[in-house]
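Below is one structure, written out as structure tokens; comments come after it.
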Amino acid sequence: MPYIAGYLAFREAPALLDLLTRLKETKPELYPQIAFVDGNGTLHPRRFGLACHFGVLADIPCIGVAKNFLEIPTESLTIKDTKQVSREHLHGAGAWLPIVGKMTHDLLGAALRASSESVNPVFVSPGHRVSLATSVALAAACCKYRVPEPVRAADSASRQLVREITARSQ
DNA sequence: GCGACAG
DNA sequence: ATCTTGTCGC
């Protein structure tokens, strides 16, 4: 499936659901009470990003964590504005700022500064069966570096596998 | 037509 | 996301 901004769930959710099914079959004791997803939850043009899509289909609490801001034109939320506001208002580690739609005034997510070292925030938003406050608290609690460890570890492991497969076919 | 664009 | 160059710090 191609990557198309705003439609990430249609590319990624099937693979995530398959992983969860396999985990339940092979290591049921490790089945998660809640999941972090590399992408957005309600911070999305249709307020239904990968974390929502996956969370509903898997029926588990899910939190979205994105490393880059996805513009939401209908709410006048731009990457430029968001980064600007984040730079000015996010100071210490754990500091966060709510991201509110400028048209609907709905609370869609938050910009979180994970550590004092990381200037660029991560964008946290609830996916399913979890509040924004809990999403931000859990994400912040899992941050050793900029990206929460569950997401960072999964990202690292997947890249390692790709490297091995690539090297194998040389 | 131009710019923007989670991963 | 991927790729390349350059810098800082342990």
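Here is the naming used below: chain letters follow the sequence lines, and residue numbers restart at 1 for every chain.
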Would you check if [X] and [Y] make a side-chain contact, meaning some heavy-atom pair closer than 4.5 Å?
X: T74(A); Y: M103(A); value: no
X: V65(A); Y: F123(A); value: no
X: F69(A); Y: I99(A); value: yes
X: L50(A); Y: L16(A); value: yes

For dT2(C) and R159(A) - does any side-chain N or O of the residue sit under 4.0 Å from the phosphate oxygens OP1/OP2?
yes
| task | Examine dG7(B): is either OP1 or OP2 under 4.0 Å from a nitrogen or oxygen in the side chain of K67(A)? Give yes or no. | result | yes
Is NZ or CZ of R152(A) both nearer than 6.0 Å to the six-membered ring centre of F36(A) and within 45° of the ring axis?
no
To the nearest angstrom, how far is [X] atom [atom1] from [N] atom [atom2]?
X: L16(A); N: dA6(B); atom1: CG; atom2: C1'; result: 13 Å
X: F36(A); N: dA6(B); atom1: CZ; atom2: C1'; result: 17 Å
X: N40(A); N: dA4(B); atom1: CG; atom2: P; result: 19 Å
X: L8(A); N: dG7(B); atom1: CG; atom2: P; result: 8 Å
X: L43(A); N: dG7(B); atom1: CG; atom2: P; result: 11 Å
X: Y145(A); N: dC10(C); atom1: OH; atom2: P; result: 13 Å
X: H44(A); N: dA6(B); atom1: NE2; atom2: C1'; result: 8 Å
X: F54(A); N: dA6(B); atom1: CZ; atom2: P; result: 21 Å

If we take the [atom1] atom in both [N] and [M], what is their distance in whole Å?
N: dC3(C); M: dC2(B); atom1: P; value: 29 Å
N: dG1(B); M: dT4(C); atom1: P; value: 34 Å
N: dG3(B); M: dT2(C); atom1: P; value: 25 Å

Could you check whether [X] gets within reach of a base, just the sugar-phosphate, or nothing at all, counting any heavy atom under 4.0 Å?
X: I79(A); result: sugar-phosphate
X: Y7(A); result: base
X: G64(A); result: nothing
X: F123(A); result: nothing
X: N68(A); result: sugar-phosphate
X: A5(A); result: base

Given the rule that I, L, V, M, F, W and Y join up when any side-chain heavy atoms are under 4.5 Å apart, are V124(A) and I60(A) in one cluster? no
- request: Establish whether V56(A) and L19(A) are linked, either directly or via other cluster members, by ILVMFWY side-chain heavy-atom contacts under 4.5 Å.
  value: no
Note, DNA chain B 5' to 3' with Watson-Crick or G-U pairs under 3.5 Å encoded as ( ), [ ], | and . gives .......
Side chain to side chain donor-acceptor pair (under 3.5 Å) pairs touching residues 97-112 of chain A, sequence neighbours excluded, are R47(A)-D106(A), E75(A)-T104(A), D81(A)-K102(A), T104(A)-D106(A)
